[in-house]
Number of protein chains: 2
Amino acid sequence: MEDEKRTVRAVERALDVLLCFTSGSEWGLTDIAQRVGLHKSTVHRLLATLEEKGFVARDEATDKYRLGLRILELSAHLTRSDDPAVVLLGEMERLRDQLGETVSLYVRDRKDRVRIQAVQSEQAIRRVAPVGARLPLFVGASSKVLLAFAEPEVREALLSDPAWPASIDVEAYRKQLAEIAEAGYATSYEEREAGAAAISAPIFNRSGKLVAALSVSGPSNRLTPDVMRERAPAVVSAAKRMGALLG
Amino acid sequence: MEDEKRTVRAVERALDVLLCFTSGSEWGLTDIAQRVGLHKSTVHRLLATLEEKGFVARDEATDKYRLGLRILELSAHLTRSDDPAVVLLGEMERLRDQLGETVSLYVRDRKDRVRIQAVQSEQAIRRVAPVGARLPLFVGASSKVLLAFAEPEVREALLSDPAWPASIDVEAYRKQLAEIAEAGYATSYEEREAGAAAISAPIFNRSGKLVAALSVSGPSNRLTPDVMRERAPAVVSAAKRMGALLG
DNA sequence: CCAATCGTTTCACCCAATGAAACCGTGGTA
DNA sequence: TACCACGGTTTCATTGGGTGAAACGATTGG
């Protein structure tokens, strides 16, 4: 098993430490050391480095570690003017007002999907959708869209990836993706989360490349299968309109 | 000059590479190598590591490096429910509507200040204030507030820091800070940026500790010195109201 | 007062990060 | 077509620096 690493171990470890903060915002040194499986002193040194550069900070009261404002600074530079999350925001708000449900935008990032933009429904019972959330790429309407309309090589690589959950029958899944490709959209009903449902449609840029999945989601008692079927065309045409706004 | 480094060099370098993206969103390998003063191959390895963990990604078209979505993911976990940037947003919007100008919230982060929240004026000519921006701690109304109301040790440490610009007379500056502490707010008129002016007031938490500076900023022809003097009480009392919302 | 726990510092060993140089791929130019 | 210039990539010998065991302090609480 020659791993052919051309990466820097210390940096990998430091980034793993940073990624601890994607689950739980406050950590003690020992907790982190345990979590990443390294010695206390090693983690201590890594944290000192991260702290010096402002990537983590210490809570004054608890003395525990938390994310630093350098993260905020970097994230401010994440969006360019041609970023879908910016360009499509207006259209997303329009769709939210039209359907009254939360609208999200997902892109594929390696083997996950990431919510890069969201506008919340204004109803009392609504789907809350934090921007930046990283979700699995095998369940949920948007996952299926991102797979169904991906380039075939990409799709096959993901389906045959060792990380793909063994509990899902690949053949049946592939068949479902083909149906979605045919229909032009996907739905999910209490698939990833109980009580939630969603409609999702692909957004292609001018050269026909899949760039994102547009998703409308809400409580499953409002978004019943029938309602979703009825509203799907609105989502699909919104996605088409959005595609035209991209480069 | 014993530097007593208890940090990890490779990690420091990797973070420096990341920080390149705070000025300019797209970089080639050679550019970065030049900027951080390291060999191409070293930077290549660091970038490969950052890329593997999703902290940077490559633009498909240009093949250049850009920030990855892991940054977005982390930034989503930056704000806790008790974060001033969240808790005070409502009050900030109220103040924006009252005065019609852009309202920002700054905290001190080491030797800089960082804009952690902002709501834009809705006028045609307005101050635009991106969240996450890192600004110097010696010019601008909020800087002066963050210094004037800081704990004395902190203030003195900063004023006598070698990084403090020699062009500013420390004694005169200290005098100005004392006046600000007396008045309870600070103003700036075309101080950091030509054509811009601002009023800023301190926000203290329940235990009397300075946590942020509230700032109202706009074009200097609207926010003339007279107008600012007249509006200062509104900013100060808004800041006081906000303080009451904090822990 | 002691025990437990957490963060910090020290230190010798030896792995792994480093940068020079060579290599490869691409686009532009004569 | 041949050539060059300029990006990114890979290789490799050298040794600096990252590593973890262990000892140390500082708190906490029973």
Side-chain angles (χ1 to χ4, degrees), chain A residues 1-21 23-68 110 153 207, chain B residues 1-21 23-68 110 153 207:
Chain A
M1 53 178 295
E2 36 171 297
D3 246 339
E4 287 293 334
K5 352 199 283 173
R6 24 189 139 265
T7 59
V8 181
R9 191 180 60 162
V11 175
E12 270 188 337
R13 291 173 163 187
L15 298 179
D16 283 337
V17 167
L18 257 190
L19 289 177
C20 284
F21 296 95
S23 57
S25 60
E26 272 200 0
W27 291 84
L29 183 143
T30 312
D31 303 323
I32 297 178
Q34 202 163 298
R35 193 165 207 268
V36 299
L38 294 172
H39 200 273
K40 275 198 304 177
S41 65
T42 304
V43 174
H44 183 254
R45 237 175 303 115
L46 295 174
L47 281 168
T49 313
L50 290 167
E51 188 181 11
E52 198 194 38
K53 297 285 179 188
F55 284 77
V56 302
R58 318 189 63 159
D59 192 292
E60 313 204 1
T62 64
D63 221 53
K64 295 190 171 232
Y65 290 91
R66 43 177 30 278
L67 287 175
R110 313 189 143 254
E153 318 85 69
S207 37
Chain B
M1 50 179 296
E2 35 171 298
D3 247 340
E4 288 293 334
K5 346 199 288 173
R6 24 189 138 266
T7 59
V8 181
R9 190 180 59 163
V11 175
E12 270 189 336
R13 290 171 164 187
L15 298 180
D16 283 338
V17 167
L18 257 190
L19 289 176
C20 284
F21 296 96
S23 56
S25 61
E26 273 200 359
W27 292 83
L29 184 144
T30 313
D31 302 323
I32 298 178
Q34 202 163 298
R35 193 163 205 269
V36 298
L38 294 172
H39 200 274
K40 275 199 304 176
S41 65
T42 303
V43 174
H44 182 256
R45 236 176 303 117
L46 296 174
L47 280 169
T49 313
L50 289 167
E51 188 181 10
E52 199 193 38
K53 297 283 178 187
F55 284 76
V56 302
R58 318 189 64 160
D59 192 292
E60 312 204 2
T62 64
D63 222 53
K64 294 188 171 232
Y65 291 91
R66 41 177 31 276
L67 287 175
R110 313 191 144 250
E153 319 85 70
S207 36

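Proteins get letters first, then strands, A, B, ... in listed order; numbering begins at 1 in each. All values below were derived from every heavy atom in this structure, side-chain atoms included, with hydrogens, water molecules and symmetry-related copies excluded.
With rounding to whole Å, B:Ile32 atom CD1 is found 12 Å from D:dG8 atom C1'. What separates CD of A:Glu12 from P of D:dT19 is a distance of 11 Å, to the nearest Å. Counting to the nearest Å, the C1' atom of C:dT5 and the NZ atom of A:Lys64 are 12 Å from each other. Put simply, CZ on B:Arg9 is 14 Å from P on D:dT15, counting in whole angstrom units. Nucleotide D:dT10 holds its P atom 12 Å from the CG atom of B:Leu29, rounded to whole Å.
Residue B:Val43 comes nearest to B:Ala33 through the heavy atom pair CG2-CA, 3.6 Å, listed as atom of the first residue, atom of the second, then distance. B:Arg6 and A:Ala48 get closest at one heavy-atom pair: O-CB, 3.8 Å.
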Please step through side chain to side chain contact (heavy atoms under 4.5 Å, CB included) for the pair B:Leu67 and B:Leu18, ending with a clear verdict.
CA-CA 8 Å; B:Leu67 287 175; B:Leu18 257 190; 3.7 Å; yes
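Looking at residues 37-63 of chain A, you'll see A:His39, A:Ser41, A:Thr42, A:Arg45 sit with a heavy atom under 4.0 Å from some atom of DNA chain D.
When the C1' atoms of four end pairs are superposed on the next four at each end of the helix from C:dC1-D:dG30 to C:dA30-D:dT1, using five pairs per end, the two resulting axes differ in direction by 40°, to 10°.
Distance from the side chain of A:Thr30 is smallest to C:dC6 among D:dG7, C:dA17, C:dC6. Checking C:dT18, C:dT10, C:dT8 against every side-chain atom of B:Arg6, the shortest atom distance belongs to C:dT10.
Side-chain contact check for A:Arg110 versus B:Glu51: some heavy-atom pair is nearer than 4.5 Å. Contact of the A:Phe21 side chain with the A:Val56 side chain is registered, since non-hydrogen atoms from C-beta on lie closer than 4.5 Å.
A donor-acceptor pair is defined here as one N or O able to donate and one able to accept, closer than 3.5 Å; such a pair exists between the side chain of B:Arg58 and the backbone of B:Asp63.
Atom CD of B:Glu26 is surrounded by more than 12 heavy atoms from other residues, nucleotides or ligands within 6.0 Å.
A salt bridge is absent between A:Asp16 and A:Arg35; no separation between the charged side-chain nitrogens and carboxylate oxygens falls under 4.0 Å.
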